[in-house]
Number of protein chains: 2
Amino acid sequence: MVTMSEVAKAAGVSRATASYALRGDPRIAPDTAQKVLNAANELKYTANLSARSLRSGHNGVIGVAIFELDRPYPSEMSAAISREATKHGLQTIVQQTSISKDSEIGILKKVTSQLCDGMIFSPSNVSDQEIRILAGGKPIVLLDALSHSPMFDTINTPCETGAQAAIDHLINVGCRNILVIGAGGPLEQTDGTIAGEHQDDATYDVTQPMLAKTSQDASVSDRRAYGCLQSFAEHGMPITTSTFLPMPRWDEDAARSVGRQIARAMQGEDATSRVKQPGMAPRPVPHDVDGIFCMTDTIALGVMRGLADCGVNVPRDVKVIGFDGISEGEYSIPSLTTISTDLGDLAKQAVSQLLDRINNPDSGREPEIITARYQLIERESTNTPTSK
Amino acid sequence: MVTMSEVAKAAGVSRATASYALRGDPRIAPDTAQKVLNAANELKYTANLSARSLRSGHNGVIGVAIFELDRPYPSEMSAAISREATKHGLQTIVQQTSISKDSEIGILKKVTSQLCDGMIFSPSNVSDQEIRILAGGKPIVLLDALSHSPMFDTINTPCETGAQAAIDHLINVGCRNILVIGAGGPLEQTDGTIAGEHQDDATYDVTQPMLAKTSQDASVSDRRAYGCLQSFAEHGMPITTSTFLPMPRWDEDAARSVGRQIARAMQGEDATSRVKQPGMAPRPVPHDVDGIFCMTDTIALGVMRGLADCGVNVPRDVKVIGFDGISEGEYSIPSLTTISTDLGDLAKQAVSQLLDRINNPDSGREPEIITARYQLIERESTNTPTSK
DNA sequence: TTGAAAGCGCTACCAG
DNA sequence: CTGGTAGCGCTTTCAA
């Protein structure tokens, strides 16, 4: 491995001069600098990042820590951040935190915060407090913070407005019995049961539980549920104990199973259908559902697959809209209408905030909360017969 | 940031002793070690990776460099490697190399080889020679090398046997006019034209061009094309100038367009159909195609989407099989039959090779070439009426 | 405008 | 078994 000393010697200057010249410091005379650059090229010199990092405290690398690498949304997000960082001359390294939930903390502590000048982090199980400690003073930008007033700059996905737009869209295309999948909604209580469930599936005044919840929580699913409520309220549509169907895990397989059960309910095989999921009490599901909003595109694709398993046609029998805008939804059959988070915008904001913190470590400015843009992308899964 | 000196002081020992104790060196007395560990815990000490790396030359982190982060196959592969590395107590960082082709080299040089003890690299544009220089002496394991005799340990996807199994399967389910999408096959010449194309789509003796090609090239598509040829030969099925349909870019959008054009050809709107793709001369496509093998699942999903756009039903009108085994294919409609590369096996082999090189840098053993396992997963896209 | 020298935090060699 | 100590390669004062 060729070191800076060798370059300096080859160029006939001192190590210090070489260091300045290589980073383009103006205090070095142009021709001296050129000599050093030539020598470096000649020897194929590359700066040792560990040494640089150790000495100066930064190395031009930022970290991205996401839950899972092999899911479409996080991986598209990481790719977008990576591309954005490149525009600023930064390198990006990505880490998945999920491998073992217990070790999530250790992973962050050990690598992401140490190898990088700062990190963009999508938290799942760790609190702000813990993150602060893990980061070791390095700048952090959160993606979808878990609390309303996070300790770090935060870029949120457009949960409230996006979800509202999703329900608006379903109503616009004629849906009147809408099911929301992946969120407990205002009726879900902390013990996992559903408020008013005993009320025999009738309309139920949700004002109290709704307010109680939305003032405390800030999880992605709660914020999206809140957006749904806004839309329902504006359209004067009542919600019932079967409007929201929570899912213990947001994965495609579970969604497919839910899709199948909804299909059977729609086909009336069982008059009092309830959806069963592992680790959750059975939940009632409306028999006359004509529109479904899923918390993520992945859930939507799974549900659509489950509906197809049982011969229910989307969009003819029921319309489906997702959230995220993963590219998979463009090529699925039917293609998926979705609230597409603008990942380019999200990445731009996240990198910009992080850079500001890296470059002005002592600015002392308050954490900023930014919401990324979104776009409603209408595709086949909510087509109406006349609209095509 | 708390340093080792502080831990040592708190524990009442020297820095050296602290260093040994923290890494569990047996020469330190158990109770001394415990004292140090307690102090470290107390102070929330974390080792500085840059310093460790600078001094000892390794830090327990391995790098994975893939082309694109936001495509299913590479991201699933990275996730698998990441999980495998964890089992060995290693951390993994992932980088995408594609941001700009020009910068691919710079990225490798600057980060992946410097921040890590070694790297697993899926090459796209750089030669072995270049990689060797970029790696700066760090161990490298290649995924799907570009040459037959690479300079590094290499884990290959099961191209030949997998592709052969794919064609075998299509033939088994009754296909007689098979189209291979994404590879030029033996007839594609270095100038991009097709040998024997003037022969009016008739059967054409491909022995010469086939041998000429397969003895030189080792790209993934060539190796998969070779597997196809084996199967065709064994079944006595002739190949024609329209058996192989190359694609300039393996992306879903281009595949969808190809799918549409094939659909139109099948529907006989144009008696002499040719598939047009940007940057490529129009290629003939068989009108009576009844089975399609795509070089990747992503292409297959795009093609199926294109066929669906034009009302062609899979598997009724034509059967489709892909390659890779991405999870998307399990939930697509129809679900996709595929040659699924065993990513667990691939990851295990890759990490194991890399670890051996890291731990025995001077073993001098020859580069090893390993082929990962695969599995044929039969799903709806090749279902026959009787088989379900 | 350049050079000398002092470390960044850690590991690994020795000596005790 | 433990402690002193010399750097890993670089950046960054401070002098010249």
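Convention: sequence-line order gives letters A, B, ...; per-chain numbering from 1.
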Does a side-chain N or O of [X] approach OP1 or OP2 of [N] to a distance below 4.0 Å, or not?
{"X": "A:Y20", "N": "D:dT13", "answer": "no"}
{"X": "A:T32", "N": "C:dT2", "answer": "yes"}
{"X": "A:S14", "N": "C:dG3", "answer": "yes"}
{"X": "A:T3", "N": "D:dG9", "answer": "no"}

Distance in angstrom units between [X] [atom1] and [N] [atom2], rounded:
{"X": "B:Q34", "N": "D:dT2", "atom1": "CD", "atom2": "P", "result": "13 Å"}
{"X": "A:K35", "N": "C:dT2", "atom1": "NZ", "atom2": "P", "result": "8 Å"}
{"X": "B:D25", "N": "D:dG3", "atom1": "CG", "atom2": "P", "result": "14 Å"}
{"X": "B:N59", "N": "C:dG9", "atom1": "CG", "atom2": "P", "result": "17 Å"}
{"X": "B:K9", "N": "D:dT2", "atom1": "NZ", "atom2": "P", "result": "21 Å"}
{"X": "A:L54", "N": "D:dT11", "atom1": "CG", "atom2": "P", "result": "11 Å"}
{"X": "A:R23", "N": "D:dT11", "atom1": "CZ", "atom2": "P", "result": "4 Å"}
{"X": "B:R27", "N": "C:dA15", "atom1": "CZ", "atom2": "C1'", "result": "13 Å"}

Which residue, B:M4 or A:V13, contacts DNA chain C at a nucleotide closer to its 5' end, judged by nearest heavy atom?
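The answer here is A:V13.
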When you check the gap from the basic side-chain N to the acidic O, do [X] and [Y] get nearer than 4.0 Å?
{"X": "A:K9", "Y": "A:E6", "value": "no"}
{"X": "B:D70", "Y": "A:R83", "value": "yes"}
{"X": "B:K138", "Y": "B:D117", "value": "no"}

Please work out if [X] contacts a base, only the sugar-phosphate, or nothing of the nucleic acid, heavy-atom cut-off 4.0 Å.
{"X": "A:R52", "result": "sugar-phosphate"}
{"X": "A:A16", "result": "base"}
{"X": "B:S56", "result": "sugar-phosphate"}

Using a 4.5 Å cut-off on heavy atoms from C-beta on, say whether the side chain of A:L146 contacts that of A:S127.
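SC-SC contact between A:S127 and A:L146 ruled out.
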With heavy-atom distances below 4.5 Å as the criterion, would you say the side chains of A:Y73 and A:L343 are in contact?
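The answer is yes; the side chains approach within 4.5 Å.
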Is a donor-acceptor pair below 3.5 Å formed from side chain B:R55 to base D:dG7, judging by atom type as modelled?
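A donor-acceptor contact between them is present.
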Earlier contact from the 5' end, DNA chain D, for B:P30 and A:N48
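Result of the comparison: B:P30.
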